[in-house]
Amino acid sequence: MSEPLLHVVLYQPDIPQNTGNIGRSCVAVGAKLWLVRPLGFRLEDRYLKRAGMDYWEHLDWEAVDDWSQIESRLSGRRMWLMTKFADQLVWEADFSRGDVLVFGSETRGLPASIRELH
């Protein structure tokens with residue numbers, strides 16, 4: 001399999017509908033979706049299915065147990081943290097193939113321990 005256009009990481013997502021919609025968007029643009037546990041829902045959740053599971057069979061995705069697995073598996077790629085603490089606005093960014101877009105939990109965001117690493 002070739003390198004995806006982008007890697008989209010959802011760190012401990014809470015809302016199944018959001019994850020389903022993001023999964024559908026990943027299929028549309030050729031991005032790989034990474035889910036960092038714990039998830040605030042089960043992957044069989046009916047809301048996730050309604051929002052995006054009709055695309056799930058076409059989605060390149062993987063769930064990992066913790067942030068260290070993301071660091072290990074995606075090392076050497078440029079990471080963009082999508083957070084209110086960012087130094088640059090998203091539309092000012094110069095994304096490249098293989099970049100990693102990291103989104104925090106909808107209710108807690110990204111922890112400082114991850115933000116301080118990048």
Side-chain angles (χ1 to χ4, degrees):
M1 180 179 262
S2 65
E3 177 74 15
L5 178 64
L6 295 168
H7 295 269
V8 175
V9 176
L10 302 183
Y11 181 82
Q12 301 180 353
D14 293 321
I15 302 173
Q17 300 93 319
N18 289 352
T19 300
N21 289 329
I22 290 168
R24 184 173 51 231
S25 296
C26 286
V27 170
V29 301
K32 179 171 182 172
L33 178 62
W34 297 82
L35 304 174
V36 180
R37 293 184 182 101
L39 310 179
F41 52 86
R42 293 170 36 119
L43 289 172
E44 299 83 20
D45 190 293
R46 67 184 174 102
Y47 296 108
L48 176 68
K49 288 181 182 179
R50 183 177 302 148
M53 286 299 271
D54 49 338
Y55 295 88
W56 212 255
E57 68 186 71
H58 305 290
L59 176 62
D60 182 9
W61 72 280
E62 194 166 338
V64 297
D65 290 327
D66 55 43
W67 179 253
S68 67
Q69 289 181 300
I70 293 295
E71 289 280 340
S72 172
R73 302 278 303 280
L74 298 176
S75 68
R77 292 174 177 84
R78 190 166 50 162
M79 289 202 180
W80 298 86
L81 305 183
M82 303 299 168
T83 171
K84 67 181 181 179
F85 302 104
D87 297 331
Q88 186 177 26
L89 298 174
V90 68
W91 48 82
E92 296 172 343
D94 184 21
F95 298 113
S96 297
R97 178 174 287 279
D99 281 358
V100 182
L101 310 181
V102 182
F103 296 86
S105 157
E106 296 93 337
T107 57
R108 297 174 309 281
L110 282 172
S113 60
I114 292 174
R115 293 192 321 266
E116 291 166 0
L117 292 173
H118 298 281

Minimal non-hydrogen separation, Gln12 against Ser105, with atom names: O-CB, 3.3 Å
For Cys26 and Leu33 the tightest heavy-atom approach is SG-CB, 4.1 Å
Taking Ser96's backbone N and O only, do any of them form a donor-acceptor pair with Asp99's side chain (distance below 3.5 Å, no angle check)? yes
Taking Asp65's backbone N and O only, do any of them form a donor-acceptor pair with Gln69's side chain (distance below 3.5 Å, no angle check)? yes
[atom1]/[X] to [atom2]/[Y] distance, rounded to the nearest 0.5 angstrom?
| X | Y | atom1 | atom2 | result |
| --- | --- | --- | --- | --- |
| Asp14 | Thr107 | CG | OG1 | 3.5 Å |
| Ile22 | Ile15 | CD1 | CD1 | 9.5 Å |
| Leu117 | Trp67 | CG | CH2 | 8.0 Å |
| Ile70 | Ser75 | CD1 | OG | 11.5 Å |
| Leu81 | Glu116 | CG | CD | 11.5 Å |
| Arg78 | Leu6 | CZ | CG | 10.0 Å |

Given side chains that start at C-beta, do those of [X] and [Y] come closer than 4.5 Å, heavy atoms only?
| X | Y | result |
| --- | --- | --- |
| Pro111 | Tyr11 | yes |
| Asn18 | Leu10 | no |
| Val9 | Leu74 | yes |
| Trp61 | Leu43 | yes |

Look at the side-chain heavy atoms of Ile, Leu, Val, Met, Phe, Trp and Tyr, link any pair under 4.5 Å apart, and say whether [X] and [Y] land in one connected group.
| X | Y | result |
| --- | --- | --- |
| Leu39 | Leu110 | no |
| Met79 | Trp91 | no |
| Val90 | Leu101 | yes |
| Phe41 | Val36 | no |
| Leu59 | Val8 | yes |

Tell me whether the rings of Trp80 and Phe95 are parallel (<30°), tilted (30 to 60°) or perpendicular (>60°). perpendicular
State plainly whether the residues Arg97 and Glu3 are in salt-bridge range, i.e. N to O under 4.0 Å. no
